[in-house]
Amino acid sequence: MAASNSIEPRLFLNPIFTTSTTTNSSTSLHIQNFKLKLPHFPTKNPTLVFTLNSSSGSATTNNNNDNTIITPYPDDPDPEPVSAVSSEIRTRDGRDRRKIVKVAWEKLVRWSRTWRSKAKTDILERTNKVVVLGGGSFGTAMAAHVANKKSQLKVYMLMRDPAVCQSINEKHCNCRYFPEQKLPENVIATTDAKTALLGADYCLHAMPVQFSSSFLEGISDYVDPGLPFISLSKGLELNTLRMMSQIIPQALRNPRQPFIALSGPSFALELMNKLPTAMVVASKDRKLANAVQQLLASKHLRISTSSDVTGVEIAGALKNVLAIAAGIVVGMNLGNNSMAALVAQGCSEIRWLATKMGAKPATITGLSGTGDIMLTCFVNLSRNRTVGVRLGSGEKLDDILSSMNQVAEGVSTAGAVIALAQKYNVKMPVLTAVARIIDNELTPKKAVLELMSLPQVI
């Protein structure tokens with residue numbers, strides 16, 4: 001007999017028992033002292049002792065020697081007492097639940113206040129200059145974010161476009177990416193590497209991955225060996241399969257150059273608008289990760305720390321390729337079922353490769369993995385998703401790229417991903433299909449047919 005913790009508005013007793021040992025086969029079995037426990041019954045002793053009498057059709061309850069007659073439904077002419085009890089129990093349960101939620105929330109708030117009171121602010125206080133390499137949308141958004149944290153802090157942006165540089169210094173806006181967004185006055189743009197890097201406490205690297213090596217080699221003479229590099233770039237170098245944690249120290253000819261990877265679901269426009277965002281900083285140096293957390297965290301930007309640099313970087317690179325696949329699904333009008341299946345399969349493929357490379361599975365299912373994948377695959381602001389939508393609609397890749405004013409890292413990363421998959425012997429059908437489409441070896445329609453024809457997995 002299944003037990004139930006809920007109490008119905010009516011008490012329904014209709015037992016039918018027969019026995020072969022009774023002298024009269026038509027006589028129902030008499031059951032005495034049947035104990036029923038009611039967990040929320042409004043008495044001190046919730047155990048009721050029922051004596052069932054088949055001849056009278058009634059049940060006698062004994063609770064602390066207080067006998068009460070309860071006539072079984074439907075003969076009971078007045079079920080109100082039981083309904084009133086049930087109503088009282090529901091009301092009491094509702095109050096109890098609200099009280100539990102309230103107490104839990106108050107504990108959370110107290111915990112938060114305690115941690116905030118202990119939070120260190122010495123990193124921001126000691127920081128006088130931050131340099132951002134690159135004048136793209138995300139580099140601009142991060143420059144504005146850091147500059148807003150401290151008015152005395154100088155945030156230099158090193159860029160190559162003199163027009164954008166002039167726009168930032170004179171009009172306090174990035175005329176190319178954020179013409180309507182005002183930048184803090186302590187954001188200063190320059191095309192001179194020495195001016196930007198001299199005396200910097202932190203460096204935010206926001207250059208496209210494929211151009212990072214040559215760019216860094218050109219400015220390496222002005223980079224202090226102890227300057228921490230915070231990489232905002234997501235992707236893999238096409239020919240070498242290197243991640244930014246490898247590119248930066250090698251290009252600067254300093255294997256000990258402090259490195260931090262910053263990743264997570266974040267669109268530049270929403271950062272500029274100070275909408276709530278959460279990201280992850282990853283470094284093998286725990287103290288450095290904590291310092292960057294202090295530098296970047298604010299009321300609208302939460303920063304978590306991680307030691308899994310490989311997991312954070314590889315997830316950030318591969319999600320761009322998966323976003324192209326998601327866009328193709330949209331462009332071909334394949335529906336929501338196929339979108340869910342494709343993204344789930346893509347997440348598995350990313351996890352397979354990342355863990356083979358030494359990443360932690362928890363990183364791939366966390367903010368910098370699944371969180372970033374969801375944002376990039378499902379939201380129209382994603383550049384890589386946009387490329388996929390247009391490919392799925394029948395446009396040529398060259399036409400798509402020539403019409404864009406920003407870099408879609410997934411296009412160049414796709415080939416590198418497949419090379420990594422072969423190196424680590426990992427099967428990645430979805431991401432491989434994207435690479436073949438980009439290389440013009442497969443049409444989106446043919447890719448879908450081939451993927452659906454793969455052997456059924458047990």
Side-chain angles (χ1 to χ4, degrees), residues 120-136 138-162 164-174 182-207 211-233 244-245 247-262 271 281 283-298 301 303:
K120 297 180 180 179
T121 58
D122 56 312
I123 295 298
L124 185 61
E125 292 170 358
R126 296 200 310 262
T127 302
N128 298 311
K129 182 178 180 180
V130 173
V131 59
V132 178
L133 305 182
F138 200 71
T140 302
M142 288 304 298
H145 170 73
V146 175
N148 277 322
K149 292 199 64 179
K150 180 180 174 181
S151 59
Q152 298 86 1
L153 177 65
K154 293 183 179 180
V155 180
Y156 276 79
M157 295 183 66
L158 178 60
M159 56 186 60
R160 293 175 292 185
D161 191 334
V164 176
C165 186
Q166 183 179 4
S167 171
I168 291 174
N169 291 333
E170 295 181 0
K171 299 179 181 179
H172 301 293
C173 71
N174 187 320
K182 284 293 182 182
L183 297 174
E185 294 186 4
N186 52 330
V187 174
I188 305 163
T190 181
T191 56
D192 182 62
K194 184 177 181 180
T195 301
L197 290 162
L198 184 63
D201 298 299
Y202 292 92
C203 176
L204 276 67
H205 181 280
M207 296 291 295
F211 306 111
S212 292
S213 185
S214 58
F215 176 80
L216 291 170
E217 289 172 359
I219 66 170
S220 60
D221 291 340
Y222 309 113
V223 176
D224 186 279
L227 177 64
F229 267 70
I230 306 169
S231 175
L232 315 182
S233 307
M244 290 306 304
S245 57
I247 294 173
I248 289 176
Q250 291 177 17
L252 297 176
R253 300 185 296 275
N254 178 16
R256 296 183 178 276
Q257 193 77 44
F259 176 84
I260 309 97
L262 176 68
L271 273 177
V281 290
S283 177
K284 295 179 180 179
D285 185 335
R286 183 176 179 179
K287 290 183 178 179
L288 182 58
N290 291 337
V292 174
Q293 181 186 46
Q294 284 187 47
L295 177 70
L296 301 180
S298 71
L301 178 58
I303 299 291

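No hydrogens, no waters, no symmetry mates; every other heavy atom, side chains included, goes into these values.
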*Decide yes or no for N169 and I188: does some side-chain heavy atom of the first lie under 4.5 Å from some side-chain heavy atom of the second?*
yes

*Do K171 and I168 come within less than 4.5 Å of each other through their side chains, counting heavy atoms only?*
no

*Among L295, N186, V155, N128, the one residue meeting side-chain contact (heavy atoms from CB on, under 4.5 Å) with K150*: N128

*Output the distance between atom CG (L133) and atom CZ (R160), rounded to the nearest 0.5 Å.*
11.0 Å

*Between the main-chain N or O of M207 and the side-chain N or O of S233, is there a donor-acceptor pair closer than 3.5 Å?*
yes

*Say you draw a straight line from CD of Q257 to CD of Q250; how long is it, rounded to the nearest 0.5 Å?*
12.5 Å

*Check whether any side-chain heavy atom of I303 sits under 4.5 Å from a side-chain heavy atom of L262, and report yes or no.*
yes

*With a 4.5 Å limit on heavy-atom distance, are the side chains of M244 and L232 in contact?*
no

*Nearest 0.5 Å please: distance from the CG atom of D161 over to the CD atom of Q166.*
10.5 Å

*What heavy-atom pair brings P249 and P255 nearest, and what distance separates the two atoms?*
CB-CA, 4.0 Å

*Heavy-atom side-chain contact between F229 and L252 under 4.5 Å*: yes

_When you compare the side chain of Y202 with that of I123, does any pair of heavy atoms fall below 4.5 Å?_
yes

*Do M157 and V164 come close enough that some side-chain heavy atom pair is under 4.5 Å?*
no

*Is the side chain of K149 donor-acceptor paired with the backbone N or O of A297 at a distance under 3.5 Å, no angle test?*
yes

*Is any side-chain heavy atom of L296 less than 4.5 Å from a side-chain heavy atom of M142?*
yes

_What's the separation between atom CZ in F259 and atom CG in N254, rounded to the nearest 0.5 Å?_
13.5 Å

*Among L288, I260, N290, find the one that has a side-chain contact (heavy atoms from CB on, under 4.5 Å) with V281.*
I260

*What closest approach, in Å, do S213 and A251 show between heavy atoms, and which atom pair accounts for it?*
O-CB, 3.8 Å

*Looking only at heavy atoms, which two atoms of D285 and K287 are closest? And how far apart?*
OD1-N, 3.1 Å

_Looking at C165, is its backbone amide N or carbonyl O close enough to the side chain of E170 to form a donor-acceptor pair, meaning the two atoms are under 3.5 Å apart?_
no

*Is the backbone of L198 close enough, under 3.5 Å, to the side chain of K129 for a donor and an acceptor to pair up by distance?*
yes

_For P225 versus P258, what's the shortest heavy-atom pair and its separation?_
O-CD, 3.6 Å

*Given L197 and L227, is the side chain to side chain contact (heavy atoms under 4.5 Å, CB included) satisfied, shown in steps?*
CA-CA 9 Å; L197 290 162; L227 177 64; 4.1 Å; yes

*Under 3.5 Å, is there a donor-acceptor pair between the side chain of S231 and the main chain of A261?*
no

*asked:* Looking at every non-hydrogen atom in both residues, tell me the closest pair between G139 and A206 and how far apart they are.
replied: CA-CB, 3.7 Å

*Roughly how far, to the nearest 0.5 Å, is CE of M159 from CG of N174?*
6.0 Å

*How long is the span from the CD atom in Q152 to the CG atom in L124, to the nearest 0.5 Å?*
9.5 Å

*Flag, side chain of K154 to backbone of A200, donor-acceptor distance under 3.5 Å*: no

*Got more than 12 heavy atoms from elsewhere within 6.0 Å of CZ, F215?*
yes

